[in-house]
Amino acid sequence: MNLSILIPLLNEDESIKELYTWIISVMKSNNYSYEIIFIDDGSTDHSWSIIEGLAAENPNVKGIRFMKNFGKSQALHAGFAKAKGDVIITMDADLQDSPEEIPGLFNMITLQDFDLVSGWKKKRYDSVVSKNLPSKLFNWAARKTSGVELNDFNCGLKAYKNIVVKNIEVSGEMHRYIPVLAKNAGFGKIGEKVVQHQARKYGETKFGMNRFVNGFLDLITIWFLSKFGKRPMHLFGAMGSVMFIIGFLLAGYIGVMKLYNLYNNLPYHLVTSNPWFYIALTTMVLGTQLFLAGFLGEIILRTKNNEERYKVSKEIN
């Protein structure tokens with residue numbers, strides 16, 4: 001199978017049929033073998049009944065329905081697990097991603113041997129203040145932190161080799177950092193393609209300004225996981241040991257100086273009246289806690305079980 005097209009959605013009943021018709025037209029004109037997987041992330045409108053109708057008339061249409069809204073990352077995770085195509089295309093259901101871009105993305109994966117190609121909506125039709133400027137700042141920070149030179153991490157239109165999606169773990173709100181996850185997994189050939197961005201035709205965006213705050217927090221998380229996710233003791237243990245040793249040496253110095261003054265009949269102060277004693281004590285306590293955090297992190301890492309992060313109520317085809 002040439003293509004698996006994954007479409008996560010939430011309350012997009014107005015656009016699903018139009019998007020489906022558009023995709024089918026592209027598939028037929030390029031003679032692709034394909035599957036379209038709609039992942040309904042807990043819609044409360046008629047989205048699922050429309051997907052059921054499309055699946056009834058076309059066996060290449062498949063559906064996954066969540067019991068409630070679990071988030072885009074979880075929807076992509078479910079879709080990646082089911083995808084069978086040689087190339088996986090992800091796109092949003094709101095018609096802002098153009099299916100006409102699919103052949104170009106497909107060729108970059110198959111002919112130019114990219115592991116992953118991310119769309120770049122160079123010309124956008126969103127609000128400059130509420131979306132464009134925060135997005136530019138977010139993408140700049142993501143580039144500097146991750147080392148992945150992409151201009152648009154948030155673009156939902158992306159193409160992957162099948163082996164890539166089977167070897168990355170998308171959780172939490174990490175969907176915007178899939179290129180970083182792929183790089184950390186060893187897939188180094190990551191490309192970018194300028195794609196057409198279309199003004200939203202139906203409904204309202206499901207993402208507010210809080211997504212950028214969450215995005216920056218997730219950026220810190222993924223930086224930490226890429227550096228120390230497999231060995232938390234290397235960070236916390238090292239920091240804790242250094243702090244404990246500094247505090248211990250400082251406390252030892254205070255004690256030795258008091259004994260020296262006593263022996264030589266020099267004036268001295270009580271250890272507990274010396275502010276440096278409390279600084280040393282606090283440093284040792286913090287060092288011990290950091291060391292224990294690293295130790296507990298190692299234990300959790302070795303004993304964790306991979307629980308499902310979402311619940312599927314129905315599947316089609």
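This is a predicted model, so every value here is computed, not measured. These values consider heavy atoms only, across backbone and side chains, with no hydrogens, waters or symmetry-generated copies.
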Should I168 and I178 count as side-chain neighbours, where that means a heavy-atom distance under 4.5 Å? yes

Describe, in one word, how the ring planes of Y32 and F106 are oriented to each other, choosing from parallel (under 30°), tilted (30 to 60°) and perpendicular (over 60°). tilted

Could you tell me whether the side chain of E12 and the main chain of S47 form a donor-acceptor pair under 3.5 Å? no

Can you confirm whether the side chains of E52 and W48 place a donor and an acceptor under 3.5 Å from each other? yes

We want to know whether N69 and D41 form a side-chain donor-acceptor pair, criterion being a heavy-atom distance below 3.5 angstrom. yes

Rounded at 0.5 Å granularity, tell me how far CD in E14 sits from CD1 in I50. 9.0 Å

Where is the tightest heavy-atom contact between A159 and V87, given as atom of each residue plus distance? CB-CG1, 4.4 Å

Using a strict threshold of under 4.0 Å (side-chain N to carboxylate O), is an ion pair present between K122 and D152? no

V26, I24: one ILVMFWY side-chain cluster at the under-4.5 Å cut-off? yes

State, yes or no, whether a side-chain contact exists between N11 and T44 at a heavy-atom distance under 4.5 Å. yes

Measuring only between side-chain heavy atoms, which start at C-beta, is W120 closer than 4.5 Å to L150? no

Please check if I163 and L116 belong to a single hydrophobic cluster, counting links between Ile, Leu, Val, Met, Phe, Trp and Tyr side chain heavy atoms closer than 4.5 Å. yes

Report yes or no: does D115 contribute a side-chain atom to a donor-acceptor pair with the main-chain N or O of I190 at less than 3.5 Å? no

Would you confirm whether D86, through its side chain, and N2, through its main-chain N or O, come within 3.5 Å as a donor-acceptor pair? no

In plain terms, say whether K314 and D40 are close enough for a salt bridge, that is, a side-chain N and a carboxylate O under 4.0 Å apart. no

Quick check: is Y20 connected to W22 through a chain of hydrophobic side chains (ILVMFWY, heavy atoms under 4.5 Å apart)? yes

Is Q74 close to H175 at the side-chain level, that is, under 4.5 Å between some pair of heavy atoms? no

Can you tell me how far apart NE2 (H77) and CG (L6) are? Round to the nearest 0.5 Å. 12.5 Å

Report the relative orientation of the aromatic rings in F66 and F70; use parallel for angles under 30°, tilted for 30 to 60°, perpendicular for over 60°. perpendicular

Transitively linked via ILVMFWY side-chain contacts under 4.5 Å: I245 with F291? no

One pair to check against side-chain contact (heavy atoms from CB on, under 4.5 Å): R143 and N151. What are the steps and the verdict? CA-CA 8 Å; R143 284 194 300 273; N151 290 285; 4.0 Å; yes

Determine whether a donor-acceptor pair (N or O, by modelled atom type, separation under 3.5 Å) exists between the side chain of K62 and the backbone of I36. no

Using the side-chain contact (heavy atoms from CB on, under 4.5 Å) rule, take I102 and M27 through it: C-alpha gap first, then chi angles, then the decisive distance, then the call. CA-CA 9 Å; I102 291 175; M27 295 299 102; 4.0 Å; yes

Atom CE of M67 with >12 non-hydrogen neighbours under 6.0 angstrom: no

Exceeds 12 heavy-atom contacts within 6.0 angstrom, atom NZ of K193: yes

Hey, are the side chains of I37 and I64 touching, using non-hydrogen atoms and a 4.5 Å cut-off? yes

Compare all side-chain heavy atoms of D92 with those of K72 and state whether any distance is below 4.5 angstrom. yes

I'd like to know if the side chain of K258 reaches the main chain of L270, judged simply by a donor and an acceptor atom lying under 3.5 Å from each other, with no hydrogens or angles considered. no

With side chain to side chain donor-acceptor pair (under 3.5 Å) as the test, would you mind laying out the steps for E192 and S118 before giving the verdict? CA-CA 5 Å; E192 189 169 50; S118 180; 5.2 Å; no

Would you confirm whether T90, through its side chain, and L157, through its main-chain N or O, come within 3.5 Å as a donor-acceptor pair? no

Nearest heavy-atom approach of V148 to K183 is CG2-CD, 3.5 Å

Decide yes or no on side-chain contact (heavy atoms from CB on, under 4.5 Å) for L9 and I51, but give the supporting numbers first. CA-CA 11 Å; L9 60 99; I51 294 169; 4.0 Å; yes

Hydrophobic clustering (ILVMFWY, side-chain heavy atoms < 4.5 Å, transitive) - are F244 and I246 grouped together? no

How long is the gap from CG on N107 to CD on Q112, to the nearest 0.5 Å? 8.0 Å

With heavy-atom distances below 4.5 Å as the criterion, would you say the side chains of T283 and L250 are in contact? no

Hey, what do you get for CG (L54) to NZ (K17), rounding to the nearest 0.5 Å? 7.0 Å

One pair to check against side-chain contact (heavy atoms from CB on, under 4.5 Å): I109 and V117. What are the steps and the verdict? CA-CA 7 Å; I109 296 291; V117 179; 3.8 Å; yes

More than 12 foreign heavy atoms under 6.0 Å from NZ of K84: is that the case here? no

Is the shortest heavy-atom distance from the side chain of D13 to the side chain of S43 under 4.5 Å? no

Is atom NZ of K189 surrounded by more than 12 heavy atoms (other residues, nucleotides or ligands) closer than 6.0 Å? yes

When you check the gap from the basic side-chain N to the acidic O, do E35 and K82 get nearer than 4.0 Å? no

Supply the atom-to-atom distance I88 CD1 to K158 NZ, rounded to the nearest 0.5 angstrom. 14.5 Å

Ignoring hydrogens, what is the shortest heavy-atom contact between S146 and F153? Give both atom names and the distance. OG-CZ, 3.9 Å

Can we call the ring centroids of F187 and Y160 under 6.0 Å apart? no

Is a donor on one side and an acceptor on the other found under 3.5 Å between the side chain of N274 and the backbone of W276? yes

Nearest atoms (heavy-atom pairs only) where A182 meets V164: CB-CG1, 4.1 Å

Shortest non-hydrogen contact between N317 and P59, atoms and distance: ND2-O, 3.5 Å

Of all heavy-atom pairs between G240 and L290, which one has the smallest distance, and what is that distance? CA-CB, 3.7 Å

Value for OG (S15) from CG (D94), rounded to nearest 0.5 Å, stands at 6.5 Å

